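One structure coming up, written as structure tokens, with questions to follow.
Chain A is the first sequence line, chain B the second, and so forth, proteins listed ahead of strands; every chain is numbered from 1. Worth saying up front: this structure is predicted, and the values here are computed from it rather than measured.
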Number of protein chains: 2
Amino acid sequence: MAGVRTRRSAGRPSQRVLTQENITAAALEVITSRGYEGFTMSSLAARLQVAPSALYNHASSKAEVLRWIQDHLMAEVDTACFAELDWPDAVRTWARSYREVFARHTPLIAVIAVLQVSGAPRTLAMYEAVTEGFLRAGWNQARIIPAIVALESFIFGSAFDAVAPTDIFDTGSLASESPLFTAAVAAAPGRESGKAAEQAFETGLDALIHGFAGTPSGN
Amino acid sequence: MAGVRTRRSAGRPSQRVLTQENITAAALEVITSRGYEGFTMSSLAARLQVAPSALYNHASSKAEVLRWIQDHLMAEVDTACFAELDWPDAVRTWARSYREVFARHTPLIAVIAVLQVSGAPRTLAMYEAVTEGFLRAGWNQARIIPAIVALESFIFGSAFDAVAPTDIFDTGSLASESPLFTAAVAAAPGRESGKAAEQAFETGLDALIHGFAGTPSGN
DNA sequence: ACCTGAACACCGTTCAAGT
DNA sequence: ACCTGAACACCGTTCAAGT
């Protein structure tokens with residue numbers, strides 16, 4: 001064919017604006033400042049200073065952008081702990097950071113639960129690191145996935161709980177119809193200090209970790 | 001003032017159509033047949049044979065209708081088990097039915113997590129029955145709520161997992177970059193039989209139940 | 001008291017037309 | 001190759017007008 005031509009302005013690399021990374025970063029900025037209700041294709045486009053329709057040259061749908069965000073956030077989950085701590089403490093550290101990241105992004109949980117790992121490299125890297133940690137702790141290969149999935153289910157559910165109003169258990173005018181529950185709520189630790197969700201999370205996490213350890217045939 | 005008048009046609013009780021119960025039942029019919037994507041104020045109104053705007057004389061918003069549905073479904077969760085079985089089996093039965101009900105209604109989980117029990121009588125009744133079951137089993141009052149919340153978090157997360165595609169863990173072209181995870185997935189029980197989610201749920205439920213039992217100061 | 005129909009202020013997405 | 005602007009087919013919700 002004809003001689004190779006330099007494309008674009010030859011000098012500095014042409015600065016593409018609508019890359020996956022840029023769109024994801026802009027999306028996170030919108031979500032941080034205006035929440036998920038304020039995160040629309042319009043608000044995302046505005047932040048990138050393009051027309052909404054321009055986004056569709058790079059993402060097939062809003063759902064795809066959400067998947068990019070999800071995978072991006074997965075890199076923030078601490079997995080280094082598995083190389084530094086023993087299994088119970090490593091799981092605790094991993095689970096806490098996992099919950100913390102997604103408590104701020106609960107609308108993504110419905111996305112994650114359905115997401116194919118093959119399209120989410122950082123999510124896959126997270127699973128690989130956790131699996132490695134379990135194996136190093138002597139876990140039987142066949143029991144690892146159910147344990148991770150169970151922990152993950154607990155983490156996702158706890159993420160919702162973490163951002164729930166603190167007064168959801170106030171029985172109000174129906175207190176007399178639920179005396180036992182009302183009393184239990186009043187007696188629960190972390191009440192009024194706003195740490196009830198943390199208490200429940202740590203309680204469940206402890207139970208899962210001890211429960212896995214004390215399971216019939218060991219780990 | 002003037003003499004009391006009988007209102008409406010005096011004979012048979014005027015059959016009100018847009019009651020909370022009727023709206024809730026119609027909403028569930030729409031959701032069952034067309035899913036949550038197909039559940040709109042328009043589709044709900046169509047099933048009730050009224051204009052969409054008529055709904056707003058009875059419900060303040062779509063979110064309120066969702067809260068009605070959530071509370072309605074809570075009555076389907078099995079709590080009778082606490083009067084019939086010992087604590088571990090009762091918790092297992094309760095948790096299984098709770099997960100089963102909401103696996104078909106995962107979009108409601110975001111609603112539940114934020115819902116005030118004072119506005120949800122059946123939800124409150126469920127908590128009361130569970131609390132009673134824990135007390136009867138000898139649980140310390142102060143430890144009940146964190147345990148219930150932890151179990152609930154696990155149940156909600158597992159509900160998402162229950163309806164996830166079975167192939168989410170297929171690593172595809174990235175298998176070589178995640179050899180340990182890929183091998184663990186291949187070795188996991190329930191694979192190909194489509195029962196992986198059930199395996200993970202039962203594994204986690206067992207761990208939680210045993211973990212609670214084996215917790216420092218007993219229950 | 002409660003319904004209808006029109007309207008409002010949005011959504012996500014598509015697509016012809018441009019460069 | 002990638003952007004714009006207009007348009008489409010929806011949403012949930014409001015409200016004046018009716019009965």
Under 3.5 Å side-chain donor-acceptor pair for A/Glu132 and A/Tyr127 =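 No pair is found: no donor N or O on one side chain lies under 3.5 Å from an acceptor on the other.
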To the nearest angstrom, how far is B/Asn57 atom CG from C/dC2 atom C1'?
-> 5 Å
Got more than 12 heavy atoms from elsewhere within 6.0 Å of CD, A/Glu100?
-> no
Please determine if B/Glu202 and B/Arg96 form a salt bridge, counting it only when a charged side-chain N lies under 4.0 Å from a carboxylate O.
-> yes
Salt bridge or not for B/Asp206 and A/Arg143, using N-O below 4.0 Å?
->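 Salt bridge between B/Asp206 and A/Arg143, a charged N being under 4.0 Å from a carboxylate O: no.
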Calculate the interatomic distance between A/Leu55 atom CG and D/dA1 atom C1'; express it in whole Å.
->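 A/Leu55 atom CG is separated from D/dA1 atom C1' by 16 Å.
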Return the value, rounded to whole Å, for the distance between atom CZ of A/Arg34 and atom P of C/dC10.
->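 Atom-to-atom, A/Arg34 to C/dC10, this comes out as 11 Å.
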Pairs meeting criterion ring pair (Phe, Tyr, Trp, His ring centres under 6.0 Å) with involvement of residues 98-123 of chain A, two or more places apart = A/Tyr36-A/His105, A/Trp94-A/Tyr98, A/Tyr98-A/Phe102, A/Tyr98-A/Phe156
Is A/Ser43 reaching over with its side chain to a backbone N or O of A/Gly38, donor-acceptor style, under 3.5 angstrom?
->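 Flag set: sc A/Ser43 to bb A/Gly38 pair under 3.5 Å.
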Nucleotide-level pairing of DNA chain C, given in dot-bracket where Watson-Crick and G-U pairs need both distances under 3.5 Å and | marks other strands | ||.|||||...|||||.||
Which whole-number value in Å describes the distance from A/Phe39 CZ to C/dC10 P?
-> 18 Å
Does A/His58 put a side-chain nitrogen or oxygen below 4.0 Å from OP1 or OP2 of D/dA1?
->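 No, no such contact exists.
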When you check the gap from the basic side-chain N to the acidic O, do B/Arg99 and B/Glu198 get nearer than 4.0 Å?
-> yes
Could you tell me the separation between the CD atom of A/Gln20 and the P atom of D/dC2, rounded to a whole number of Å?
->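 Going from CD in A/Gln20 over to P in D/dC2 covers 14 Å.
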N/O to N/O distances under 3.5 Å, protein versus nucleotides 13-16 of chain C:
from: C/dT13; atom 1: OP2; to: A/Tyr56; atom 2: OH; distance (Å): 2.7
from: C/dT13; atom 1: OP2; to: A/Lys62; atom 2: N; distance (Å): 2.8
from: C/dT13; atom 1: O5'; to: A/Tyr56; atom 2: OH; distance (Å): 3.3

Would you kindly give the CG-to-C1' distance between A/Leu44 and C/dG12, to the nearest whole Å?
->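 Interatomic distance, CG of A/Leu44 to C1' of C/dG12: 12 Å.
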Backbone N/O of A/Ser97 and side chain of A/Asp78: donor-acceptor pair under 3.5 Å |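 It does not hold such a pair.
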